[in-house]
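Below is one structure; the comments refer to it alone.
The chain is numbered in sequence order, starting from 1. Every heavy atom of this structure was used, including side-chain atoms; hydrogens, water molecules and symmetry mates were not.
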Amino acid sequence: MNISFPTEHEAPEPLLTIGAAAGRLSLPLFKVRRAAKAGLFPTYTLFNGRRLVRLSEVIAAIDASRSGGSNDK
């Protein structure tokens, strides 16, 4: 497990609720919740019991599940 801490010049990526992440990516909330429950990307539970995610990890899970087509941009 690689843990990287932000340097003094970069701010840590904020944690978002699953609903906020779904909204930013224009995805249905139930699909993002289902993917989180399946463990396709990590979730973080803080003191209030809400599951939070990092947007970059959700995007990475989507990219990893991509099939077919060209990866050229």
Side-chain angles (χ1 to χ4, degrees):
M1 174 190 217
N2 290 334
I3 299 176
S4 63
F5 296 98
T7 64
E8 62 184 80
H9 298 292
E10 63 181 286
E13 181 180 0
L15 294 171
L16 303 173
T17 63
I18 292 176
R24 285 200 183 177
L25 297 172
S26 299
L27 295 172
L29 176 58
F30 80 92
K31 288 188 177 189
V32 179
R33 277 192 183 144
R34 187 184 326 156
K37 189 173 183 177
L40 296 178
F41 50 84
T43 61
Y44 306 91
T45 306
L46 302 181
F47 306 111
N48 61 5
R50 246 185 207 176
R51 289 185 306 165
L52 303 173
V53 296
R54 286 195 170 103
L55 195 59
S56 64
E57 292 173 339
V58 176
I59 292 170
I62 292 169
D63 287 343
S65 66
R66 182 175 294 159
S67 63
S70 174
N71 286 336
D72 296 334
K73 292 183 180 185

I want to check a possible cation-pi pair here: R54 against Y44, using under 6.0 Å from ring centre and within 45° of the ring axis as the test.
yes
Once rounded to the nearest 0.5 Å, what's the spacing between atom OG1 of T43 and atom CD of E57?
9.5 Å
So which atom in I18 and which in A36 form the shortest heavy-atom distance, rounded to 0.1 Å?
CD1-CB, 4.0 Å
Measuring from T45:OG1 to L15:CG, what's the distance to the nearest 0.5 Å?
10.5 Å
Which is it for L52 and L16 under the side-chain contact (heavy atoms from CB on, under 4.5 Å) test, yes or no, and what are the steps along the way?
CA-CA 5 Å; L52 303 173; L16 303 173; over 6 Å; no
What is the minimum heavy-atom distance between A22 and V32, and which atoms define it?
CB-CG2, 3.7 Å
Looking only at heavy atoms, the pair that brings S65 and I62 closest together is OG-O, 2.9 Å
If you take all heavy atoms of F41 and V53, which pair is closest and at what distance?
CE1-CG1, 3.5 Å
